[in-house]
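The model shown is predicted, which means the values in this text are computed figures rather than measured ones.
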Amino acid sequence: MKSRLLPALVALTLAGTAAAQVKPEDAIKWRQSGYGFMAWNMARIKMNVEGQFNKDEVIKAANAIQAIANSGMGALYLPGTDKGTGWEKTRAKPEIWTEKEKLTKAGGAFNKEANEMAKVAATGDAAAVKEQFGKLSATCKGCHDDFKAKD
């Protein structure tokens, strides 16, 4: 147990130090880029479940979403990134910084469904992919409703 704890604490400390050195506008840009890339991959899956199903395309998109979901993007919600501009003005609602428990729950649900999406995609079962895509999409919508300002 101790042998795992020390590396985890060192990694967490280094991640915090690195994040502290990021300029707010860069953090906002990186968040926006990650979400944009994820949206493209969600659209790829949607096109496959609504049109001609291509297992390989779905797997690629699901793996990309899984990677982003597990990348630690939450670290890009640094102090000073609640307002400002990355590629465009941030649309993060103030609740991201004040409703930590709700945000953590939403992020955990998204990660769970993204990981499951990658597993289901690998099966090539179009009906199962469609069902899991609905679950994954619901986690996105929930977070958008609570934490993303409308255009």
Side-chain angles (χ1 to χ4, degrees), residues 1-46 48-49 58-123 125 127-151:
M1 175 80 167
K2 287 182 183 179
S3 64
R4 291 186 202 153
L5 184 57
L6 184 57
L9 289 173
V10 170
L12 184 59
T13 301
L14 291 175
T17 302
Q21 297 172 4
V22 172
K23 292 188 267 183
E25 60 271 17
D26 288 338
I28 294 168
K29 280 181 183 178
W30 296 337
R31 280 192 326 234
Q32 291 169 343
S33 296
Y35 290 125
F37 184 67
M38 195 165 15
W40 173 58
N41 283 286
M42 291 290 289
R44 289 170 69 191
I45 296 173
K46 183 177 181 180
N48 276 275
V49 298
V58 172
I59 290 172
K60 289 176 198 175
N63 288 342
I65 293 165
Q66 180 185 38
I68 295 168
N70 291 287
S71 70
M73 273 185 41
L76 295 173
Y77 288 92
L78 302 167
T81 65
D82 55 330
K83 294 177 178 63
T85 302
W87 301 113
E88 60 184 29
K89 183 180 175 201
T90 185
R91 290 181 278 162
K93 287 183 177 179
E95 289 82 1
I96 286 178
W97 288 269
T98 60
E99 296 183 19
K100 291 290 187 187
E101 189 174 315
K102 188 175 184 179
L103 180 64
T104 299
K105 185 177 177 181
F110 171 70
N111 284 17
K112 175 185 173 286
E113 299 303 341
N115 289 330
E116 189 62 24
M117 183 80 250
K119 288 178 191 173
V120 172
T123 70
D125 181 336
V129 166
K130 185 174 184 174
E131 181 180 339
Q132 182 56 33
F133 182 69
K135 292 176 185 178
L136 177 60
S137 296
T139 66
C140 295
K141 182 183 181 326
C143 199
H144 286 201
D145 290 348
D146 293 337
F147 300 110
K148 181 181 176 188
K150 307 292 183 243
D151 289 331

Interatomic distance, CD@Gln66 vs NZ@Lys119, rounded to 0.5 Å, equals 8.5 Å
With rounding to the nearest 0.5 angstrom, report the CD to OG1 distance, Gln32 to Thr90. 6.0 Å
Taking the side chain from Gln132 and the backbone from Glu113, do they hold a donor-acceptor pair closer than 3.5 Å?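 Present.
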Any side-chain to backbone donor/acceptor pair from Ser71 onto Ile68? Under 3.5 Å, distance only. yes
For Asp146, salt bridge (Lys or Arg N to Asp or Glu O under 4.0 Å) partners two or more places apart: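 By the salt bridge (Lys or Arg N to Asp or Glu O under 4.0 Å) rule, Asp146 matches Lys102.
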Listed by chain and number, what are the salt bridge (Lys or Arg N to Asp or Glu O under 4.0 Å) partners of Glu131, not counting sequence neighbours?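 Partners of Glu131 by the salt bridge (Lys or Arg N to Asp or Glu O under 4.0 Å) criterion, ordered by chain and then number, come out as Lys135.
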Considering all heavy atoms of both residues, which atom of [X] and which atom of [Y] are nearest to each other, and what is their separation?
X: Phe133; Y: Ile45; value: CD1-CG2, 3.4 Å
X: Met38; Y: Phe110; value: SD-CZ, 3.1 Å
X: Asn63; Y: Ala118; value: OD1-CB, 3.7 Å

Looking at residues at least two apart in the chain, or sitting in another chain, which of them share a side-chain hydrogen bond (donor to acceptor under 3.5 Å, both in side chains) with Asn41? Arg44
Sorted by chain and number, sequence neighbours left out, side-chain hydrogen bond (donor to acceptor under 3.5 Å, both in side chains) with Trp87 holds for Ser33
Derivation of the side chain to side chain contact (heavy atoms under 4.5 Å, CB included) call for Phe37 and Ile65: CA-CA 8 Å; Phe37 184 67; Ile65 293 165; over 6 Å; no
Is it true that atom NZ of Lys130 has more than 12 heavy atoms of other residues, nucleotides or ligands lying nearer than 6.0 Å?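 Not more than 12 within 6.0 Å, no.
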Is the NZ atom of Lys141 crowded by more than 12 outside heavy atoms at less than 6.0 Å? no
Can you list, pair by pair, the side-chain donor-acceptor contacts under 3.5 Å of residues 77-85, counting residues two or more places apart and other chains?
residue : atom : partner : partner atom : Å
Tyr77   : OH   : Tyr35   : OH           : 2.9
Thr81   : OG1  : Arg31   : NH1          : 2.9
Thr81   : OG1  : Leu78   : N            : 3.1
Thr81   : OG1  : Leu78   : O            : 2.6

Partners meeting side-chain contact (heavy atoms from CB on, under 4.5 Å) with Glu101 (sequence neighbours left out):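 side-chain contact (heavy atoms from CB on, under 4.5 Å) check on Glu101 returns nothing, list empty.
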Please test Asp145 against Lys150 for side chain to side chain contact (heavy atoms under 4.5 Å, CB included), starting from the C-alpha separation and ending with a verdict. CA-CA 9 Å; Asp145 290 348; Lys150 307 292 183 243; 3.9 Å; yes
Less than 4.5 Å apart, any side-chain heavy atom of Asn70 and any of Asn111?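 Yes, their side chains come closer than 4.5 Å.
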